[in-house]
Amino acid sequence: MSTLLLRGAEVLVTMDGARREIPGGGLFARDGVIEAVGAPADLPRDADEVIDAAGCVVTPGLVNTHHHLFQTLTRAVPAGQDALLFGWLQSLYPIWARMGPEEIRVSAMIGLAEMALTGCTLSSDHLYLFPNGARLDDEIDAARALGVRLHAMRGSMSVGESAGGLPPDALCEAEPAILEDCIRVIDAFHDPNPGAMIRVGVAPCSPFSVSPELMRDSALLARDKGVMMHTHLAENDEDIAFSLERFGQRPGDFAEGLGWTGPDVWHAHCVKLDAGEIDLFARSGTGVAHCPCSNCRLGSGIAPVRAMRDAGVKVGLGVDGSASNDAGDLMGEARQAMLLQRVARGADAMSAREALEIATRGGAAVLGRDDLGSLEPGKRADFAVFDVGGIAQAGSWDLVAGLVLCAPARAREVRVEGRAVVREGRIAMAGWDRVAARQKALTRKLAGA
């Protein structure tokens, strides 16, 4: 059995039911599970491994509820750089079509490592295209090598341009093959148990790239297998117009009619949900992945997060794809979420602590992880250690709020199940430099250099 003791933090942010913040606090974990949290007198004096957190703020591991890791190789692409959602997608589809298994694996490793350096210990990813033999397995391999938790969502596109959809036909799959592969990856990789490192779910890309029949069949399959469901919804005005024209319904009503509401469902973006849809999501337990930076980058608008939270909707944060952000920084998303709600509704619309809560407890709730999201006995030992002694926090009176209000900090230490993913501000995985070098080569190849 392995034990871990973290001690002496400037502040340990538990995010427990009482939202305790413990000056000088620490935690003790055994075999990846927290046994004690508190002041020094509440903790054992020794362990197999001891982390001195002096000068640091410790938080639960941040949770990313929406990503497209494959896009990490296509940041700041000139084509579509100033386009709205649909034009942006159409400019990038041909580039993504040139990817293959190595691009999917390396981009996933880079994207997951980038988020780990910002304190993220669990990410959901939505992989909805599989060019040139790529499979969901490729990004699962990357997460395992890095040592982070991954909810790998088996995405899909089945309605191409020739049938009135948005993606090129070459990137679409036959619907029976999609469902068959969903079953394969769930059976091969999904772990429903507490402490799971890998979970798998079903995730048709969007109502404008799959048929209603596939949406309905995917929901039936997911519930038969006991896995979660995810898609994009109500992302911008174009999305709403498409739904009204094609289906004669707003996106929320369309989703409900196909079985896409409930506690096992979460939708990305939801920038344009109206009051009725917010009420529907609250009543049904449907979650939302709020992606503030991507929504800004694509000019989609400001999501009604304050109204969602006040209504009782589960809300987590997502970085979205690195081609529409173009970064993977969960603490930066928390800051942007807070700022946008203040722009929309006033300076008291969202506090820094609420934004941090959405990034931790909120994301865990959206993904159905009651074993994560807070630091308390019985939860997994997933946490981030932020050194607050540097320039970014210089002059900060409130060190917890400063994590969100000040310049985004890099994590000094990140642990998953108590195991090091980031150590002394660097990725702990052996051979990391080779991965970074390969990413550069693959990006140049995609760019035609």
Side-chain angles (χ1 to χ4, degrees), residues 64-75 89 92-93 95-115 120 122-146 148-158 166-168 170-175 177-190 197-206 209-210 214-215 218 221-222 225 227-232 266-269 289 291 294 318-325 328 367 439 442 446:
N64 176 36
T65 61
H66 185 65
H67 208 328
H68 304 294
L69 287 164
F70 73 90
Q71 295 179 12
T72 308
L73 299 184
T74 53
R75 296 181 180 180
L89 282 168
L92 285 164
Y93 282 140
I95 299 172
W96 296 335
R98 301 201 298 270
M99 290 183 168
E102 186 181 16
E103 285 82 0
I104 299 299
R105 182 181 60 81
V106 171
S107 62
M109 197 169 291
I110 293 290
L112 290 168
E114 177 188 23
M115 287 190 299
C120 179
L122 164 63
S123 181
S124 169
D125 189 63
H126 189 182
L127 181 60
Y128 55 77
L129 48 78
F130 301 89
N132 306 308
R135 302 192 301 171
L136 194 66
D137 313 41
D138 301 317
E139 69 175 29
I140 291 172
D141 288 346
R144 285 175 165 171
L146 199 62
V148 297
R149 299 189 199 273
L150 177 69
H151 283 213
M153 305 304 291
R154 206 299 183 180
S156 55
M157 298 193 296
S158 65
L166 199 67
L171 283 176
C172 294
E173 301 174 273
E175 294 186 354
I178 290 168
L179 296 171
E180 183 178 341
D181 197 56
C182 286
I183 294 169
R184 179 189 71 82
V185 293
I186 292 167
D187 290 346
F189 300 112
H190 178 66
M197 294 297 293
I198 303 293
R199 287 190 178 171
V200 177
V202 177
C205 182
S206 65
S209 57
V210 301
L214 181 61
M215 293 285 289
S218 295
L221 187 157
K225 289 289 189 179
V227 301
M228 294 192 73
M229 303 147 57
H230 182 54
T231 191
H232 297 89
W266 85 102
H267 295 287
H269 300 289
C291 306
S294 173
V319 300
D320 202 10
S322 288
S324 68
N325 190 317
L367 297 183
Q439 176 267 328
L442 291 172
L446 281 174

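Between the side chain of Asn325 and the main chain of Ser294, no donor-acceptor pair closer than 3.5 Å is present. Between the side chain of Arg98 and the backbone N or O of Leu446 there is at least one donor-acceptor pair closer than 3.5 Å. Of the possible polar contacts, one joining the Asn64 side chain to the Val319 backbone as a donor-acceptor pair under 3.5 Å is found. Side chain of Asp138 to backbone of Glu102: no donor-acceptor contact under 3.5 angstrom is found.
Using the six-membered ring where Trp is involved, Trp96 and Tyr128 have ring planes that are perpendicular, over 60° apart on the 30 and 60° scheme.
When all heavy atoms are compared, the tightest approach of Ala323 to Thr74 is CB-O, 3.2 Å. Ala97 approaches Asn132 most closely through the heavy-atom pair O-ND2, 3.0 Å. Of all heavy-atom pairs spanning Phe70 and Leu127, the tightest one is CD2-CD1, 3.7 Å. Annotation for Arg105 and Ala142: closest pair O-CB, 3.5 Å, computed over non-hydrogen atoms. What you find for Ala289 and Thr65 is that their closest heavy atoms are CB-OG1, 3.1 Å. In this structure, Arg75 and Ser322 approach most closely via the heavy-atom pair CG-O, 3.2 Å.
Atom-to-atom distance recorded for Leu367:CG and Ser124:OG is 5.5 Å, nearest 0.5 angstrom. Between the CG atom of Leu129 and the CD atom of Gln71 there is a distance of 8.5 Å, given to the nearest 0.5 Å. Taking CG from Leu179 and CD from Glu173, the interatomic distance works out to 10.0 Å, rounded to the nearest 0.5 Å. Of the inter-residue distances, the one linking Cys205 atom SG with Met153 atom CE reads 12.5 Å to the nearest 0.5 angstrom. With values rounded to the nearest 0.5 angstrom, Leu112 atom CG is found 7.0 Å from His67 atom NE2. Taking CZ from Phe130 and CG from Leu136, the interatomic distance works out to 5.5 Å, rounded to the nearest 0.5 Å.
At a threshold of 4.5 Å between non-hydrogen side-chain atoms, the residues Met215 and Thr231 count as touching. Residues His230 and His151 have side chains not in contact (no heavy-atom distance under 4.5 Å, counting atoms from C-beta outward). Residues Val200 and Asp187 are not in side-chain contact: their nearest non-hydrogen atoms beyond the backbone lie 4.5 Å or more apart. Looking at heavy atoms from C-beta onward, Asp320 lies in side-chain contact with His68 at the 4.5 angstrom threshold. By the 4.5 Å heavy-atom criterion applied to side chains, Pro131 and Glu103 are not counted as neighbours. Taking 4.5 Å as the limit, every side-chain heavy atom of Val148 sits out of range of all side-chain heavy atoms of Ser123. Side-chain contact between Val202 and Arg154 is absent, with no heavy-atom pair separated by less than 4.5 Å. Looking at heavy atoms from C-beta onward, Ile183 lies in side-chain contact with Lys225 at the 4.5 angstrom threshold.
Cation-pi contact between Arg144 and Phe189: absent, since separation from the ring centre below 6.0 Å together with deviation from the ring axis within 45° is not met.
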CA sep, side-chain torsions, deciding dist, call: His269, His66, side-chain contact (heavy atoms from CB on, under 4.5 Å): CA-CA 9 Å; His269 300 289; His66 185 65; 4.0 Å; yes
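Ion pairing between a basic and an acidic side chain is recognised when a charged N comes within 4.0 Å of a carboxylate O; Asp181 and Arg184 show such pairing.
Annotation: His232 is in aromatic contact with His126 [ring centroid separation under 6.0 Å].
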